[in-house]
Student: 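Here it is, the structure, as structure tokens.
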Amino acid sequence: KAGVTQTPRYLIKTRGQQVTLSCSPISGHRSVSWYQQTPGQGLQFLFEYFSETQRNKGNFPGRFSGRQFSNSRSEMNVSTLELGDSALYLCASRPAGLSEETQYFGPGTRLLVL
Amino acid sequence: AQSVTQLDSQVPVFEEAPVELRCNYSSSVSVYLFWYVQYPNQGLQLLLKYLSGSTLVKGINGFEAEFNKSQTSFHLRKPSVHISDTAEYFCAVTRDDYKLSFGAGTTVTVRA
């Protein structure tokens, strides 16, 4: 089975722009979560989508949003980028069945905001 | 809410020596525990997990961890490390909300 894929792998944007990141989960996985990783704050949960619905949300401003499509692929959008949004954004997928707590991570998208 | 503390930020170790990475969590309810490894410029790879049952869990690459409920710990061990084990290791906890809370990470540097 192919793993979680994320595109693009690297991205450079300037302040004020907006960006969309994409995540394709492992085949058959219905839950997709997004995490932000920075040197200062570590790994922080952004949100989780299941069956096209946001099921859980972390403590991030409204500039961070996401969505999930019927094929379970997910996108994350950040509007009005700030320098502090520079980070590695990781996507994780989960089967979402009973006792399926394990999340499998993609390689991440490294975003640099100038 | 649960939180995770990784007690060592950096662990230098010689090749073929044992290593232990310490992880403590705080939660008032039962949790699920994980260790992930991150190699440079890569995502997170699952090493092992504790969901229930036996408190000693074995993972990939010779790693194992022991869940201790009374001490709220989930320490990771490997009896003999290789150069290729140089990486950052993250302890994580989740409950039924499926939101992973991570520790700050432990950087393991294996020297020849």
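Quick note on labels: first sequence line is chain A, next is B, and so on, each numbered from 1. Given the structure is predicted, the values throughout are model-derived calculations rather than measurements.
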Student: For salt bridge (Lys or Arg N to Asp or Glu O under 4.0 Å), just list the numbers for A:Arg94 and A:Glu48, CA-CA rounded to whole Å, side-chain angles, deciding distance to a tenth of an Å, and then say yes or no.
Tutor: CA-CA 10 Å; A:Arg94 187 172 64 83; A:Glu48 184 211 6; 3.2 Å; yes
Student: Keeping the roles fixed (side chain from A:Ser22, backbone from A:Thr7), state whether a donor-acceptor pair exists under 3.5 Å.
Tutor: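 Not a single qualifying donor-acceptor pair exists.
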Student: Tell me, side chain or backbone of A:Gln37 under 4.5 Å from chain B's heavy atoms, or both, or neither?
Tutor: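 It is the side chain, since no backbone atom gets that close.
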Student: What residue pairs, at least two apart or across chains, pass disulfide bond (SG atoms under 2.5 Å apart) with a residue in residues 27-82 of chain A?
Tutor: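 Applying disulfide bond (SG atoms under 2.5 Å apart) to every pair that reaches into residues 27-82 of chain A, excluding sequence neighbours, yields nothing.
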Student: At a 4.5 Å cut-off on heavy atoms, which part of A:Phe47 comes close to chain B: side chain, backbone, both, or neither?
Tutor: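 For A:Phe47, there is no contact with chain B at all, as no heavy atom is under 4.5 Å.
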Student: At a heavy-atom separation under 4.5 Å, does B:Gln45 approach chain A through its side chain, its backbone, both, or neither?
Tutor: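 Neither part.
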Student: Is A:Leu90 close to chain B through its backbone or its side chain, or both, or neither, when contacts mean heavy atoms under 4.5 Å?
Tutor: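 The side chain, not the backbone.
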Student: By the definition side chain to side chain donor-acceptor pair (under 3.5 Å), identify the one residue from A:Asp85, A:Thr80, A:Asn77 that meets it with A:Arg63.
Tutor: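 Answer to the side chain to side chain donor-acceptor pair (under 3.5 Å) test with A:Arg63 among A:Asp85, A:Thr80, A:Asn77: A:Asp85.
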Student: I need the contact set between residues 56-95 of chain B and chain A: heavy-atom distance under 4.5 Å, sorted by residue number.
Tutor: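 Counting heavy atoms that sit under 4.5 Å from chain A, the residues of residues 56-95 of chain B involved are B:Phe90, B:Arg95.
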Student: Report the relative orientation of the aromatic rings in A:Tyr89 and A:Phe64; use parallel for angles under 30°, tilted for 30 to 60°, perpendicular for over 60°.
Tutor: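 Aromatic pair A:Tyr89/A:Phe64 classed tilted.
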Student: Is there a side-chain contact between A:Val4 and A:Phe105 (heavy atoms, below 4.5 Å)?
Tutor: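 No. Closest side-chain heavy atoms not under 4.5 Å.
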Student: Measure distances from B:Leu44 to the heavy atoms of chain A and classify the residue's part below 4.5 Å as side chain, backbone, both or neither.
Tutor: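 Looking at B:Leu44, backbone and side chain both touch chain A.
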Student: Flag this pair as yes if the NZ/CZ of A:Arg110 is under 6.0 angstrom from the six-membered ring centre of A:Tyr10 and inside a 45 degree cone about the axis; otherwise no.
Tutor: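 The answer is no, since A:Arg110 fails at least one limit relative to A:Tyr10.
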